[in-house]
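Take a look at the structure set out below.
Computed from a predicted model, the values in this text were never measured in an experiment. Naming convention: chains lettered A, B, ... in sequence-line order (proteins, then strands); numbering from 1 in each chain.
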2 protein chains.
Amino acid sequence: MKIQELDADRLDMAANMLKAMAHPMRIAILKHLEAGKKLTVTEIHELLGIEQSTTSHHLGILKDKGVLCSRREGKNTFYYLKHDILSQVINCLQRCTCGE
Amino acid sequence: MKIQELDADRLDMAANMLKAMAHPMRIAILKHLEAGKKLTVTEIHELLGIEQSTTSHHLGILKDKGVLCSRREGKNTFYYLKHDILSQVINCLQRCTCGE
DNA sequence: ATAGTATATTTATATATTTGCATTCGTCTA
DNA sequence: TAGACGAATGCAAATATATAAATATACTAT
């Protein structure tokens with residue numbers, strides 16, 4: 001894996017994904033979306049006990065930065081991980097924040 | 001893996017680690033520190049072509065948030081990953097930013 | 001069309017981050 | 001001890017981000 005593969009554009013893209021994930025509430029959201037799960041905005045806002053508009057805003061950020069995808073089905077919009085592999089990132093962090 | 005394990009403190013800690021990593025230059029730094037490699041501030045600032053003070057600042061952030069460790073040896077300070085597992089995060093991102 | 005529910009966007013204010021420069025601090029060596 | 005070198009810090013300007021409230025849009029059922 002060569003360094004030059006990580007050109008400026010890809011670094012920016014990666015940084016944007018991380019930046020989107022770098023928020024306690026958004027990590028909690030991602031935690032609920034592991035293993036290909038799909039949840040609606042309302043389900044998430046009820047699960048986490050935060051405002052609907054706040055939830056939608058967080059989801060919008062995650063989607064905008066390429067972490068999540070969404071699919072509308074009737075009145076609901078389901079959100080899910082764009083890359084299943086991103087569950088690994090959350091799990092890594094979980095392990096790293098275990099014994100400190 | 002239960003949700004309640006991810007209490008507020010650990011979410012904050014995880015978010016802080018991600019925030020520390022969520023910067024193009026810092027991702028580039030981490031890329032150079034894969035596989036247990038240890039580099040000095042000067043080596044990194046020359047590898048990346050950025051100011052020494054900027055480099056030191058970025059390294060300080062990564063260390064402060066628990067991503068890196070450092071060890072002084074004479075005039076030099078070597079920086080290295082606190083958890084080898086964090087290489088996985090970088091690799092995940094690399095794969096996720098491949099074909100977009 | 002209208003009402004009701006589900007999402008999304010906009011706005012403004014407050015707060016934080018990035019960066020380079022100059023300076024300072026530690027450590028080694030002549 | 002002085003000078004050189006590597007690293008860390010303080011500062012300030014530009015830029016970016018968070019937050020919450022208000023408003024707007026999209027769809028469904030009647």
Between [N] atom [atom2] and [X] atom [atom1], what is the distance in whole Å?
X	N	atom1	atom2	answer
A:M21	D:dA18	CE	P	14 Å
B:H58	D:dA8	NE2	P	14 Å
A:N16	D:dT17	CG	P	8 Å
A:F78	C:dA6	CZ	P	12 Å
B:E43	D:dC5	CD	C1'	14 Å
B:E51	D:dT9	CD	C1'	15 Å
B:R71	D:dA7	CZ	C1'	16 Å
B:I29	C:dT18	CD1	P	11 Å

Phosphate oxygens OP1/OP2 of [N]: is one of them under 4.0 Å from a side-chain N or O of [X]?
X	N	result
A:S56	C:dA8	yes
B:H23	C:dT19	yes
A:H57	C:dT7	no
A:N76	C:dT7	yes
B:K75	D:dA7	no
A:Y79	C:dA6	no
B:R72	C:dC25	no

Next on the checklist: Using side-chain heavy atoms (C-beta onward) and a distance below 4.5 Å, is A:H32 in contact with A:L48?
Outcome noted: yes
Next on the checklist: Within the structure provided, determine whether A:L62 and A:I29 are in side-chain contact (heavy-atom separation under 4.5 Å).
Outcome noted: yes
Checklist entry - Can you list the steps and then say if B:L39 with B:L47 is a side-chain contact (heavy atoms from CB on, under 4.5 Å)? => result CA-CA 10 Å; B:L39 296 175; B:L47 275 168; 3.9 Å; yes
Next on the checklist: Using only modelled atom types and a 3.5 angstrom limit, is any donor from either the side chain of B:Q52 or the base of D:dA8 paired with an acceptor on the other?
Outcome noted: yes
